[in-house]
Amino acid sequence: MSTSNNGWETVIGLEIHAQLSTNSKIFSGSATAYGAAPNSQANLVDLAYPGVLPVLNGEAVRMAVKFGLAIGAEIAPRSVFARKNYFYPDLPKGYQISQYELPIVAKGRMEIVLDDGSRKTIGITRAHLEEDAGKSLHEGLPRQSGIDLNRAGTPLIEIVSEPDMRSAKEAVAYLKKIHTLVRYLEICDGNMQEGSFRCDANVSVRKFGAEKFGTRAEIKNINSFRFVEKAINYEVERQIDVIEGGGKVVQETRLYDPDKGETRSMRSKEEANDYRYFPDPDLLPVEIDPAYIGEIKATLPELPDEKAARFVLAYDLSQYDATVLTSSKELGAYYDDVVKALAGEKLPSKEQAKLAANWVAGSLAAALNEHNLEITGSRIDAKRLAGLLGRIVDNTISGKIAKDVFEAMWAEDKSCDEIIEARGLRQITDTGAIEKAIDEVMAKNPGQLADYRSGKDKLFGFFVGQVMKATGGKANPAQLNELLKKKLAG
Amino acid sequence: MHTFTLAELAKKLRAKEFSVTELTRALLARVEASQPRLNAFITVTAESALAQAKAADRALADGKAGPLTGLPLAHKDIFCTSGVKTSCGSKMLDNFVSPYDATVVEKLNAAGMVTLGKTNMDEFAMGSSNETSWYGPVKNPWNPKLVPGGSSGGSAAAVAARVAPIATATDTGGSIRQPASLCGVTGIKPTYGRVSRFGMIAFASSLDQGGLISITAEDAAMVLGAMAGFDTRDSTSVDTPVPNYVAELDKPLTGLKIGLIKEFFDTGLDADVEKCIREALGVYEKLGATLVEVKLPALPLSVPTYYVVAPAECSSNLARFDGVRYGYRCQDPKDLMDLYKRSRGEGFGAEVKRRIMTGTYVLSAGYYDAYYLKAQRVRQLINQDFKRAFGEVDVLMGPTAPDVAFEIGAKSSDPIQMYLNDIYTIGANLAGVPAMSIPCGFVRDLPVGLQICGPHFAEAKLFNVAHAFQKETDWHRRLPADFAKEVLS
């Protein structure tokens, strides 16, 4: 358990809003695609015209159930939509359709791995379906506000955690796990810039050992992992300062300002809306039977934790590597494919699995990052990468040369063997050839040779470099080392 | 031709006694002439009516006509009609031209009916006298000093004065049956979920139901068949087949068990109205029915229950009228709050505001359990009362309203007195069961309505029972003297 200064303990709960990637809205037939011209994806239902009625999109229910099953939660046999009443221009009906007393998903959990490698379970109180609001636009409209209702009615699942997190790091770890999970389940694209995945953080502090929670502040709408960590840390310090300065933390809603790196008050509890929730009489309760749940269970993919556990068990990877390689479904699948192509029918050796892990998480990840690509857009597919790794394993090329081959493969659509042949990069493993190169280098550098022999051991590296240079980097490094030591010793 | 029922008109049009266009012209002239006296219409759609009439004449000539082709009707101004102002009786929507048709409108258009116009109503269907309309009160054709009832007062007055043979209407707490009773016409509120609410501007979603006001039960049976049915656009509409209501009209009533709701005869009922109702029940006995008294002990709680549930839902349903996207917007709003406050303050009338405030109050934190939740529990009890009663009898009967039509202005300053006008009708809305009102006599020269209520989806039974009475009596064929002539001066 992490501690803050002076014996203060931090308590955090998160409310995550994930937009469900349905084709149409939760209660209307409008499209949900991001970035369309303002109000081009808002029909009469979204605009709350007189007389229109909501009709539930079954796909949103299916996705919520999928999520519930993936976090080991209870799926409510009967859940109810309720109206949350408040006035705002981006809320056309004057109420948001949400779920209140009877949510579709309850009592789930998610395990996170802490810095010291230990595991911790975060409770998930509930997850409920609701509709998103529209957006108010202020830019380019002097003394006016515009409203874009394209987002109004986009399905959301709100995932409410227990106040189980004790540091900003834990909160980020939990948020990342949920982020990974919703993408695995293909129920949310996870795009934080576009607001498809965002969270509110409930933060309070208390003295260690205190039974009661401190008064909490809710930080609204944080849309990046980095900001979540910063906002929470700022808020924790602010609250400790308030209390240590003799003040009291007030229950309120706060906003995080990423430019200033601070949170500031939005509204206090007294100013908070009375939402006057009541069951929506326009919608029937959602009834879910066990057969439907069974059907969805059968479609669940291998989940990130299951996949990571398999990588540890079957491939002997470290927990760290396994976590990195399962951070997205596609990355995990890519790694799986590389290993399979490399090892064929057999289980890979620990070395093969590790080599593949290093390359996928290393050079490949760096190249993708540099070109701003997702794994699915990689210019080197799993088979081609496995071909390259195969040439390292069978000593055709060294790991160092492999990096050059990799770059060439990234640039042109050729197999590694073609590149190795065309550029003559095949590793020199012929002892005679290496010895010949060593002799030449020694002959060219009599001064250094004398120094080395008089005790300047450090010059060994100089000779390695010279021989590598002479062989175009192709000398087998292990052989070179061995032969060079012998020759220099005289 | 104005005195003909819809069924008679259908025959005469097919017999080529007159054309749809001739009929439509005659009725449009009556609509115009009646307006200063009744104020039954908010909008007259003469042009499109004549176009529909022309199309209907062609269909009749080509032998492509359906059973309702060319039959005229009026729509309550609560149903959205594409390209036509749909005001809901409110200043808030005085400038609102609907971009779409309600399902009911769409279906009746498709059936070939001719829409004469949109009828006046209490603002957002909130009222029992038609006095809350932004367009002024509708007058009772039997006496212009009196109210026609509400909220479907325009539809009831139009049918009573025979300016339209039938009109759509809606009923949240009695808004079809009470004006039908006060105007001497037939009204049916179907089972909740029988008729799609899509495009019907919501007052209280769990109670609102579209229906009809007509001259006869037979006419209503003809049109309800085309109007009812499951609608994918309304999740609360019920996916159960629509029977052929007309086919079941003439079943004999032998063995019919009629329950008299004891509580309806206990309090507040005018003695003459009671006598009139008892005489009507006598007609049913002659037709072979037996009368038994039934108790619905929770029913007297229906008015207070209704005045929690309905305002609660309306306070939320009417939140969309905010001056932002359509409807009334105040002049020069200072800021967002000013826009909201003045648009709503100026756009809504007093009764609507009263209900929004009541509804907001009963849903507020700290009051929800005491009011809304308790009302929902009482609603369950009322539901069970009806269920138990229908275990013992086939239909329930009683008065539709405690008295005949009252004077305009008599109750408008006393909301409680006004609300008590719906004391006999609200129960059916809370339980979701179908109910009718049919003319059954006159008291002090004013019509009295008999209420007939059946179990869920028993509309065919109600039409059958009402039709049997209308074959024996002619109360439903009586016309107010001022509207007796075909051409109104």
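Note on naming: letters A, B, ... go to the chains in the order of the sequence lines (proteins, then strands), and numbering restarts at 1 for each one.
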Region of Thr86(B) that comes under 4.5 Å of a non-hydrogen atom in chain A: neither
Part of Ala204(B) lying under 4.5 Å from any heavy atom of chain A: neither
Which of these, Thr263(A), Asp200(A), Val203(A), sits in a side chain to side chain contact (heavy atoms under 4.5 Å, CB included) with Arg254(A)? Thr263(A)
Aromatic centroids of Phe278(A) and Tyr368(B) separated by under 6.0 Å: no
Where on Asp282(A) is there a heavy atom nearer than 4.5 Å to chain B: the side chain, the backbone, both, or neither? both
Please check if the distance between the ring centroids of Tyr100(A) and Phe81(A) is under 6.0 Å. no
Stepwise ring pair (Phe, Tyr, Trp, His ring centres under 6.0 Å) check, Tyr100(B) with Tyr49(A): CA-CA 10 Å; Tyr100(B) 75 105; Tyr49(A) 260 59; 7.4 Å; no
Heavy-atom contact with chain A under 4.5 Å, split by part of Phe198(B): both
Decide whether Arg276(A) and Ser316(B) meet the rule of one side-chain donor and one side-chain acceptor closer than 3.5 Å. no
Counting heavy atoms not belonging to Lys85(B), are there more than 12 under 6.0 Å from its NZ? yes
Between Ala102(B) and chain A, with a heavy-atom cut-off of 4.5 Å, which part of the residue counts as in contact: side chain, backbone, both or neither? neither
Measuring heavy-atom distances to chain A, does Phe96(B) have an atom under 4.5 Å in its side chain, in its backbone, in both, or in neither? side chain
Heavy-atom contact with chain A under 4.5 Å, split by part of Tyr192(B): side chain
For the interface with chain B, which of Pro89(A), Ser28(A), Pro54(A) has the highest count of heavy-atom pairs at distances below 4.5 Å? Pro89(A)
Pick one of side chain, backbone, both or neither for Phe321(B), based on which atoms fall under 4.5 Å of a heavy atom in chain A. side chain
What part of Leu318(B) gets within 4.5 angstrom of chain A, counting heavy atoms only: side chain, backbone, both, or neither? neither
Is the gap between the ring centers of Tyr340(B) and Phe87(A) under 6.0 Å? yes
